[in-house]
Protein chains: 2
Amino acid sequence: MRNTLIHNAVLVNPSLPPEVTRKGWLLMEGGRIHSCGEGEPPPEVRARAEVGIDAEDGILLPGLVNAHTHAAMALFRGLADDLPLKTWLEEIIFPVEARTVSEEFVYWGTLLACWEMIRTGTTTFGNGYFFEHRALDAVKEAGMRAVLAAGVVDFPTPSCRDPSLNVEHAIAFVNQARDEEPVRPGIFCHAPYTCGPETLVKSKEACRAHGVRFFIHCAETRWEVEEIRSRYGTTPVRHLDRLGLLDSDTVLVHGVWVDEEEIRIVAQRECSVVVCTESNMKLASGAPPIVSYLREGVPLGLGTDGPASNNDLDLFGEMDQTAKLQKLREGDPTVVGAAQVLHMASVGGARVLGFHDMGLLEPGYHADLILVRTDRPHMRPLYNPVSQLVYSARGSDVEHVWIGGRHVLQQGRITTLDPEAIQKKTALLQVQVKSHIPER
Amino acid sequence: MRNTLIHNAVLVNPSLPPEVTRKGWLLMEGGRIHSCGEGEPPPEVRARAEVGIDAEDGILLPGLVNAHTHAAMALFRGLADDLPLKTWLEEIIFPVEARTVSEEFVYWGTLLACWEMIRTGTTTFGNGYFFEHRALDAVKEAGMRAVLAAGVVDFPTPSCRDPSLNVEHAIAFVNQARDEEPVRPGIFCHAPYTCGPETLVKSKEACRAHGVRFFIHCAETRWEVEEIRSRYGTTPVRHLDRLGLLDSDTVLVHGVWVDEEEIRIVAQRECSVVVCTESNMKLASGAPPIVSYLREGVPLGLGTDGPASNNDLDLFGEMDQTAKLQKLREGDPTVVGAAQVLHMASVGGARVLGFHDMGLLEPGYHADLILVRTDRPHMRPLYNPVSQLVYSARGSDVEHVWIGGRHVLQQGRITTLDPEAIQKKTALLQVQVKSHIPER
């Protein structure tokens, strides 16, 4: 890994407010950001550089962080659209998963997802699925940063046929993956309606014991709120709070159907929330109350959710739709502006996942960086780079990606994976999946 | 223009329901679709072809139709975001337009927009702006199909300093552009709150006299409804209906704040409606009642609105967000599916603009076609091509575009325009615009 100097770049540091340098440079050294500045790089900086890249007025910013997805489900992309969440989940996804998801499926599905994420400027992601040890192999090959959380539900899964062993099974993965930096393990309990109190408590205790993140889908749909109320006489957030699951290492995914008091509980417990706008829209789940979360100071990340319910892993589209939906929700076009969603999709998501030296253009931070082209028609003129990134740019505008200083995307070509092999295997797995779609 | 044969393509004909041919071919002859079919092209078809293109399993479909935009406003892209519509319009856009919009501005701004539209798979658009004769020059150079409607408002504009002459000014353009097929003229009255009854009636009468389309922003915001109610004691649609403006050659843009009776009025008068989802979200205007319009049989098109309020001209993103927002609006993920929005963005929009032999893969229809790559990670696997086009594809996946059989985009490169010259001029105009942004 060589010291790389990027010059002639528009630097966008996604702090709040963001810092924009119209013409700047950045030096990577030892996988970290060594220094950056305005204008031309000084001689002593040039002297340290082993590689120089002219950004040609492209925008250089931290790699984006997809704080919640189910990467291997890339192989289910477009399998079943325009359906209700419960039908989609219980009549299609769960049965097809039961019949097709294998170690091989997770390995190749995660490779496909990593290829797409790197190609579209995502350098770190939070994942929850089965056979996470195979996802780990894929992520290491791709050279990405990730928190891989072992999926837990109270029914038989492809990776754990005996539900009574589901938590032990997850703990085994946490032990296996504890020393795999920059990949970290975690536990992902699917939801309060698919995991009983005992499973939830055992899982969270294990997370505390191992010092890893606990993830759970929570308050995603109105149906879930009614279901939890009928089972436990309370709402999802209160249910998890009573079980003692809420703390600063717990990440609630979705958090759409919460009342103001629940938002304050989440804030008091220092939980994080990951918003998945496109998935919530496509499944008609609802629009999360981002403005209230921000007012209470809840740390927020942005997630695409699984590619089967989105149907892509492009965080640029997710930023755009999140900002727009919030304006519509609040009836106020000034809320959740471009700077806010860019923060959520970078340093915000990094902190939600527990990475505290990532997501900003700061010396000493990980050199996870992306260079976005600005010489395309939809990127011109360029009055406001932050606005352009959120409302005009697409993942396909990302031309270069570095993760820990390693050049993983060069002029749009991925250097760590073999796209042809992934496409061949994907075609074979597609045939296998199609043969298992239940008659409806 | 040579007879072109495309083979090894996934053919998607956006009828309702759509027709999908997994492996097919299509022959263009004399600017029209000569024939298309499944499997390998028969010998007699091969014999007629002068050029052969292997689609390599790409998706071939009709070019998309952007039924409403203000193309030259591409030069205002990102100029002022996260602001309320009235502030955005009255404190930024109108003043800056008054100071910067010129014949040259419209010519170059429209060139920039045409470059972006062709690059992202749009072959026809409906436009409303000033100096439309210069937009006409740009569209002819780009080789696109369009309805160019001369903008009319009751205050001085860059192209018509004396409002008492605004309609005459528009009529002059209609006369000038009447014989410019495939470009057609029209008149665009900005809105019921910027055009008085006399102006509206005169404009519509002129449209009837010349047999051209009449466009108007209508029922876009709650504010507009209240404003029209206070001025005329009724709602926008009823106001236009009382003035006798509604017929099958009238196109209402936005149509967000309408009641059920107004929707029936629109249907009875056989008016069309153009939905601009992203603009309505970004400006917090609202979510149009597409399900009700469809139930009443109102012809619908899809528009990006101007690039200053979107901030792009990519109809793929517009389709995605329209389908998703409607699911959320209705609380039902089964409404306004992929097939429905694809229909709106192609043949639906074509008919709204008055083109009746365009937007379908039918022999005799205009050979306005786009080829979408499917060998990218976000396009794999490919279970459902229609779903993939709407929920996964982006404008950047469009690799080839033909308009009237002419090859205007080849492997992502535009053949009719000079991108470098457009970028140079855009940079100069950006400086000019910035110097005129009012202090706020």
Side-chain angles (χ1 to χ4, degrees), chain A residues 74-75 77-79 81-85 88 112 115-116 119-120 278 280-284 286-287 310-314 317 320-321 323-325 327-328 330-334 337-338 375-378 380-384 387-388 391-392 394-397 419 422-423 426-427 429-430 433-434, chain B residues 74-75 77-79 81-85 88 112 115-116 119-120 278 280-284 286-287 310-314 317 320-321 323-325 327-328 330-334 337-338 375-378 380-384 387-388 391-392 394-397 419 422-423 426-427 429-430 433-434:
Chain A
L75 290 169
R77 185 198 315 274
L79 179 62
D81 294 314
D82 306 324
L83 296 173
L85 186 141
W88 173 80
L112 175 63
W115 174 24
E116 181 184 353
R119 181 69 196 80
T120 54
E278 289 189 56
N280 293 159
M281 289 175 78
K282 186 157 174 286
L283 297 165
N310 183 314
N311 295 348
D312 63 51
L313 292 159
D314 187 339
D320 181 38
Q321 296 198 37
K324 286 172 175 166
L325 180 62
K327 297 169 191 313
L328 192 64
E330 305 297 329
D332 178 356
T334 65
D375 61 351
R376 295 170 176 178
H378 62 282
R380 288 285 158 189
L382 184 55
Y383 297 102
N384 178 341
S387 192
Q388 209 87 329
Y391 297 122
S392 305
R394 293 181 293 263
S396 50
D397 296 317
I422 295 170
Q423 296 218 39
T426 298
L429 290 164
Q430 173 175 354
V433 169
K434 279 179 85 167
Chain B
L75 290 170
R77 183 198 316 275
L79 178 62
D81 295 312
D82 306 324
L83 295 173
L85 186 139
W88 174 80
L112 175 63
W115 173 24
E116 181 184 353
R119 182 66 196 81
T120 54
E278 289 188 58
N280 293 159
M281 290 175 77
K282 186 157 176 288
L283 296 164
N310 182 315
N311 295 353
D312 63 49
L313 292 159
D314 187 339
D320 181 38
Q321 296 197 37
K324 285 171 175 167
L325 180 62
K327 296 167 190 317
L328 191 65
E330 306 296 330
D332 179 356
T334 66
D375 61 351
R376 294 171 176 179
H378 62 281
R380 289 284 159 188
L382 184 56
Y383 296 103
N384 178 342
S387 193
Q388 210 85 331
Y391 297 122
S392 305
R394 291 181 293 263
S396 50
D397 297 317
I422 295 169
Q423 296 219 38
T426 298
L429 289 165
Q430 173 175 355
V433 168
K434 280 180 86 165

Structural part of B:Ala427 lying under 4.5 Å from a heavy atom of chain A: neither

Top contributor to chain A interface from B:Gln388, B:Arg119, B:Met281 [non-hydrogen pairs under 4.5 Å]: B:Met281

Heavy-atom pair count under 4.5 Å with chain B, highest-scoring of A:Asp312, A:Asp314, A:Asp332, A:Leu112: A:Leu112

Distance in Å, A:Gln430 CD paired with B:Tyr383 OH, rounded so as to fall on 0.5 Å steps: 5.5 Å

Heavy-atom donor-acceptor pair, A:Lys282 side chain to B:Ala323 backbone, under 3.5 Å: no

Greatest number of heavy atom pairs closer than 4.5 Å to chain B - which of A:Ser396, A:Pro419, A:Ala287: A:Ser396

Considering all heavy atoms, the nearest B:Leu325-A:Leu328 contact: CD1-CD2, 3.5 Å

Heavy-atom closest contact (A:Gly78 atom, B:Ser387 atom, distance): CA-OG, 4.3 Å

Point-to-point distance, once rounded to the nearest 0.5 Å, from CD of B:Gln321 to NZ of A:Lys324: 5.0 Å

Point-to-point distance, once rounded to the nearest 0.5 Å, from CZ of A:Arg394 to NE2 of B:His378: 10.0 Å

For chain B, the option from A:Asp375, A:Leu429, A:Leu283, A:Asn384 that forms the most heavy-atom pairs under 4.5 Å: A:Asp375

For A:Ala284 against B:Gly331, the heavy-atom pair lying closest together: CB-C, 3.7 Å

Contacting moiety of B:Asn280, where chain A heavy atoms sit under 4.5 Å: backbone

Under 3.5 Å donor-acceptor, B:Ser392 side chain and A:Asn311 backbone: yes

Part of B:Glu330 within contact of chain A (heavy atom distance under 4.5 Å): neither

Between B:Tyr391 and A:Asp82: side-chain donor-acceptor atoms closer than 3.5 Å: yes

Test item: A:Arg77 side-chain N/O and B:Pro377 main-chain N/O as donor-acceptor pair under 3.5 Å: yes

Shortest non-hydrogen contact between A:Ala74 and B:Pro381, atoms and distance: O-CD, 3.1 Å

Region of B:Gln423 that comes under 4.5 Å of a non-hydrogen atom in chain A: side chain

Most chain B-contacting option - heavy-atom pairs closer than 4.5 Å, from A:Asp397, A:Leu313, A:Val433: A:Val433

Residue, of A:Asp320, A:Thr120, A:Ile422, that accumulates the most heavy atom pairs under 4.5 Å with chain B: A:Asp320

